[in-house]
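Chain naming here is simple, since letters A, B, ... match the order of the sequence lines and numbering starts at 1 in each.
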2 protein chains.
Amino acid sequence: MHLLVVEDDHHVAGALTGVLQRRHFDVTRAATGREALDLMDDSVGMVLLDLGLPDMEGFEVCGLIRRRFDVPIIMITARSELTAKIHGLGLGADDYLVKPFDLRELIARIEAVGRRARPVTATGTDTVITVHGVRIDLASRKVCVEDTPISLTRKEFEILAALARHPGVAVRRERLISEVWQTDWAGIGRSLEVHVASIRHKLGVPDVIETVRGVGYALAVE
Amino acid sequence: MHLLVVEDDHHVAGALTGVLQRRHFDVTRAATGREALDLMDDSVGMVLLDLGLPDMEGFEVCGLIRRRFDVPIIMITARSELTAKIHGLGLGADDYLVKPFDLRELIARIEAVGRRARPVTATGTDTVITVHGVRIDLASRKVCVEDTPISLTRKEFEILAALARHPGVAVRRERLISEVWQTDWAGIGRSLEVHVASIRHKLGVPDVIETVRGVGYALAVE
DNA sequence: CGGCCACGTGACCAATTCGTGACCTCAAGG
DNA sequence: CCTTGAGGTCACGAATTGGTCACGTGGCCG
């Protein structure tokens, strides 16, 4: 499991990193919200997010990460303000801790959150997804069908990648739109369908992307 | 909002009652698990449950209440054992507090739980429920009967999912309607029954959805 | 400049999916 | 038994929703 620890206090960050590494977690540290966003990628399996960040409001970071990645987030805060906590949960944090906290509790929560998150841990560290003879490499942005490379446009790849991050899971329209177009405005005409059609056509293999009526699309699993 | 406070310590119970009543909550007190179950009825909108009860184990009470009523439960415990907390959430508690707690925090959580009562998995962390050979995957929105996939429409799936989140619990009509149709307007003609009929027919297996006369529907448990 | 490519848009179509109201069934209570 | 009301069933028209097409725009490059 790859953890991203976002914490500006070096002492705290160091302590956390130590404890977590001893627990065999793979830890990456970020000191600012900006840095956190830069370091985020599909390999990160969970985020520990300190709300007291210097450059960006913690909630903002949470929102930005959530908008782009489907990753569990545990908020850590020195503030005991209740409104903050609630806001946190409302924004999509999966759990939160108030400093000072018991490290054992942290571990327990990480494991609890991890357990109740998607069982896609198999693909959590893996950036290559293969389905129905279609190989999707999220890192190098390459797609192959039966070892013959397929060239996809940017939007096409983004859509496919968004689906590939959760194989078999129906990704709702709005979510796809927000991930690919970086906007919450859903009024994107028939653009999504057109691109999906294009992907299907290029891949040749039908049913790799299956449409879930009334919801969105899903990457087929065998 | 009608609250049921289950707490054996009279001092604590008194304090809670006072604070909550000042907040315009309607409060009923119960000192034992037995009493709590006797006092439960449909008017209760939320339960505050102390785990350190004299006659019954708190978790047991939680389970019994959950089996019969679809109501949010906030657990209160003097034990700081983490396993207990996790167990609590897994059992269907919507939140929990550790004594001693800040009363303002209690209020905040009550309001938070009430507000979010609808959307997500209240029954725990599993996204796959299996009953009578019917497998319901909430994440991928797939339903199978004996491993043969069944295609449900959106409304059908939403209804089944709403039931599946509380297996064995009778979910009342209004609640189903509010969850599936996102409205509190109950005047939905015979639409609900029609969809339920459709689900039953598609699943083939009878009695997976059992109707609870005068209340609503429930997912059968074996 | 002119062609190519990626993308957005809106019209149009076919297929589902929903909602509705009439009518039927059945269990509980008098 | 009979009444009653909640729940079940059915069929059909209306509303959604996704797929496809054709076209327009703007960037990029020879």
Side-chain angles (χ1 to χ4, degrees), chain A residues 141-143 149-163 170-220, chain B residues 42 70 141-143 149-163 170-220:
Chain A
R141 305 179 62 91
K142 292 258 164 53
V143 177
I150 303 291
S151 114
L152 296 181
T153 71
R154 173 201 294 275
K155 286 269 184 289
E156 286 164 4
F157 181 83
E158 294 290 347
I159 292 172
L160 190 56
L163 297 177
V171 182
R172 52 185 67 263
R173 272 187 85 83
E174 311 83 52
R175 171 125 194 212
L176 273 175
I177 291 172
S178 107
E179 283 195 29
V180 176
W181 277 266
Q182 315 249 53
T183 174
D184 5 356
W185 175 236
I188 309 259
R190 300 262 69 73
S191 210
L192 179 57
E193 288 86 343
V194 175
H195 283 110
V196 169
S198 172
I199 299 172
R200 282 171 169 156
H201 180 252
K202 284 185 179 177
L203 293 185
V205 194
D207 303 330
V208 173
I209 295 181
E210 48 191 34
T211 109
V212 183
R213 220 161 211 275
V215 181
Y217 297 89
L219 198 72
Chain B
D42 292 320
D70 188 23
R141 305 180 63 94
K142 293 232 172 71
V143 177
I150 303 291
S151 116
L152 296 182
T153 71
R154 177 141 80 127
K155 288 268 184 292
E156 287 163 5
F157 182 83
E158 297 287 351
I159 292 171
L160 189 57
L163 296 177
V171 182
R172 54 189 60 266
R173 282 184 74 85
E174 310 83 55
R175 171 120 193 216
L176 271 176
I177 291 172
S178 105
E179 282 195 29
V180 176
W181 276 266
Q182 318 247 56
T183 174
D184 5 353
W185 173 236
I188 308 265
R190 301 263 71 72
S191 214
L192 178 57
E193 288 87 342
V194 174
H195 283 110
V196 169
S198 174
I199 298 171
R200 283 171 168 155
H201 179 253
K202 283 185 178 177
L203 293 185
V205 193
D207 303 329
V208 173
I209 295 180
E210 48 192 34
T211 107
V212 183
R213 225 158 213 274
V215 181
Y217 298 89
L219 198 71

Taken to the nearest whole Å, CG/A/Leu152 to P/C/dC5 is 15 Å
For A/Arg141, the salt bridge (charged side-chain N to carboxylate O under 4.0 Å, His left out) test, sequence neighbours excluded, returns A/Glu158
side-chain contact (heavy atoms from CB on, under 4.5 Å) with A/Glu156: of A/Ile150, A/Val143, A/Ile199, A/Val196, only one passes, and it is A/Ile199
Sorted by chain and number, sequence neighbours left out, side-chain contact (heavy atoms from CB on, under 4.5 Å) with B/Ser151 holds for none
Less than 4.5 Å apart, any side-chain heavy atom of B/Leu163 and any of B/Leu176?
-> yes
B/Leu192 atom CG is separated from D/dG7 atom P, nearest whole Å, by 9 Å
When you compare the side chain of A/Lys155 with that of A/Leu160, does any pair of heavy atoms fall below 4.5 Å?
no
Sorted by chain and residue number, the side-chain contact (heavy atoms from CB on, under 4.5 Å) partners of A/Glu193 (sequence neighbours excluded) come out as A/Arg173, A/Arg190, A/Tyr217
Hits for salt bridge (charged side-chain N to carboxylate O under 4.0 Å, His left out) against A/Glu210, two or more places apart or cross-chain, chain-then-number order -> B/Lys142
In whole angstroms, the gap separating P of D/dG8 from CD1 of B/Ile209 amounts to 10 Å
Anything under 3.5 Å between a protein N or O and an N or O of nucleotides 11-21 of chain D, put it in a table, one pair a line.
{"from": "D/dT17", "atom 1": "O2", "to": "A/Arg213", "atom 2": "NH2", "distance (Å)": "3.1"}
{"from": "D/dG18", "atom 1": "OP1", "to": "A/Gly214", "atom 2": "N", "distance (Å)": "3.3"}
{"from": "D/dG19", "atom 1": "OP1", "to": "A/Arg200", "atom 2": "NH1", "distance (Å)": "2.7"}
{"from": "D/dG19", "atom 1": "OP2", "to": "A/Tyr217", "atom 2": "OH", "distance (Å)": "2.6"}

Atom CD1 of A/Ile159 and atom P of C/dA6 are separated, to the nearest Å, by 14 Å
To the nearest angstrom, the NZ-P distance between B/Lys202 and D/dT9 comes to 15 Å
*asked:* Please determine whether the number of non-hydrogen atoms from other residues, nucleotides or ligands lying under 6.0 Å from atom CZ of A/Arg200 exceeds 12.
replied: yes
In whole angstroms, the gap separating C1' of C/dC5 from CD of A/Glu156 amounts to 11 Å
Looking at C/dG8, I'd like to know if its phosphate oxygens (OP1 or OP2) sit under 4.0 Å from a side-chain N or O belonging to A/His195.
yes
Using the 3.5 Å cut-off, write out each protein N or O paired with an N or O of nucleotides 23-30 of chain D and the distance between them.
none

message = Taking only side-chain N and O atoms of B/Thr153, does any of them lie within less than 4.0 angstrom of OP1 or OP2 on C/dT16?
response = no
Taken to the nearest whole Å, CG/B/Asp207 to P/D/dG8 is 12 Å
Step-by-step side chain to side chain contact (heavy atoms under 4.5 Å, CB included) determination, A/Val212 to B/Phe157:
CA-CA 11 Å; A/Val212 183; B/Phe157 182 83; over 6 Å; no
**Q.** side-chain N/O B/Trp181 vs C/dC18 OP1/OP2, d < 4.0 Å
**A.** no
